[in-house]
Amino acid sequence: TPSRASLARVYRAYVDYALRPALISQRLSVVQPHVVAEAMLDMYERNAKKFGDRIDAPQCVYSARDLTRWCRAIRAALDEADATSLDAIIGDVIMVGTDRKKRRLTMDGAVTRLWAHEGLRLFSDRLESRKDQ
């Protein structure tokens, strides 16, 4: 298994590529590719540690390819979305915060939502019980 530093170097480049459509449009103001890559590595390591050694769940084998799949899914979603659909996503009203106030989703929020959705899909789909998910 590659070291965390090696994985970080590789996946910073992958995330930079995955987020390029949003970066080129200069619509991301808060989300930084290196921070996204570190968060992906954290999630990957936590899942691998918690579920990776289970004999009863052979589908829970983790490798760096999971991170590549995550980056590719984000890029595919951004490539499929044209400016119109991105604007529609950004305009979504969501309930956020402890005060549960309605707020409009920004491009940073849309990318964060996409990141979380793809990560959950990638890791939770292979878990059998609702408790694990």
Side-chain angles (χ1 to χ4, degrees):
T1 303
S3 69
R4 173 147 180 141
S6 295
L7 288 172
R9 190 170 31 258
V10 168
Y11 286 99
R12 282 185 192 131
Y14 268 111
V15 170
D16 185 59
Y17 171 76
L19 296 180
R20 190 154 299 146
L23 292 168
I24 288 173
S25 68
Q26 298 179 351
R27 296 171 76 178
L28 285 181
S29 59
V30 178
V31 174
Q32 298 295 319
H34 70 279
V35 176
V36 173
E38 290 295 327
M40 288 173 77
L41 285 170
D42 288 344
M43 180 71 81
Y44 165 78
E45 288 173 343
R46 287 181 189 170
N47 274 283
K49 184 177 181 180
K50 184 171 183 176
F51 300 111
D53 293 334
R54 290 179 52 180
I55 294 171
D56 64 329
Q59 73 278 10
C60 291
V61 174
Y62 292 94
S63 74
R65 281 180 270 164
D66 295 317
L67 296 167
T68 303
R69 287 183 191 106
W70 200 349
C71 291
R72 288 174 49 198
I74 291 170
R75 178 62 188 242
L78 289 174
D79 283 346
E80 283 183 25
D82 60 11
T84 307
S85 61
L86 281 176
D87 288 337
I89 293 169
I90 293 166
D92 283 354
V93 176
I94 59 170
M95 305 288 279
V96 296
T98 56
D99 57 359
R100 305 300 292 160
K101 286 188 177 179
K102 291 183 179 180
R103 294 189 174 89
R104 295 228 175 261
L105 195 59
T106 64
M107 180 59 137
D108 292 297
V111 167
T112 303
R113 180 191 256 183
L114 175 62
W115 172 86
H117 169 78
E118 292 300 336
L120 285 171
R121 185 188 58 76
L122 181 70
F123 292 113
S124 70
D125 280 359
R126 63 177 83 171
L127 301 174
E128 292 179 350
S129 75
R130 296 294 288 165
K131 179 183 152 225
D132 286 342
Q133 291 176 352

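It should be emphasised that the depicted structure is a prediction, and the values quoted were computed from it without experimental measurement. These numbers come from the heavy atoms of this one structure, side chains and all, not from hydrogens, waters or symmetry mates.
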**Message:** Using 0.5 Å steps for rounding, measure from the CZ atom of R72 to the CG atom of D79.
**Reply:** 12.0 Å

**Message:** To the closest 0.5 Å, what do you measure between CG (L122) and CE (M43)?
**Reply:** 10.0 Å

**Request:** Applying ring-ring contact (aromatic ring centres under 6.0 Å, His included), name anything that partners Y14, two or more places apart in sequence or on another chain.
**Result:** Y11

**Connected via hydrophobic side-chain network under 4.5 Å: Y44 and V10** = yes

**Asked** Residues two or more places apart in sequence or in another chain: which of them pass ring-ring contact (aromatic ring centres under 6.0 Å, His included) with W70?
**Response** W115, F123

**Minimal non-hydrogen separation, L114 against A77, with atom names** = CD1-CB, 3.7 Å

**Prompt:** Excluding sequence neighbours, so at least two apart, what forms side-chain hydrogen bond (donor to acceptor under 3.5 Å, both in side chains) with T112?
**Reply:** none

**Prompt:** Partners of R4 by side-chain hydrogen bond (donor to acceptor under 3.5 Å, both in side chains), sequence neighbours excluded?
**Reply:** E38, D42, E45

**Request:** Measure across L41 and L7 and return the closest heavy-atom pair with its distance rounded to 0.1 Å.
**Result:** CD2-CB, 3.7 Å

**Asked** Which pair of non-hydrogen atoms, one from M40 and one from V15, has the smallest distance, and what is that distance?
**Response** SD-CG2, 3.5 Å

**Message:** Between D16 and R12, does the salt bridge (charged side-chain N to carboxylate O under 4.0 Å, His left out) criterion hold? Intermediate values first, please.
**Reply:** CA-CA 6 Å; D16 185 59; R12 282 185 192 131; over 6 Å; no

**Fill in**
With sequence neighbours left out, the residues meeting side-chain contact (heavy atoms from CB on, under 4.5 Å) with A73 are E118, R121

**Asked** Shortest non-hydrogen contact from L78 to A18?
**Response** CD1-O, 3.3 Å

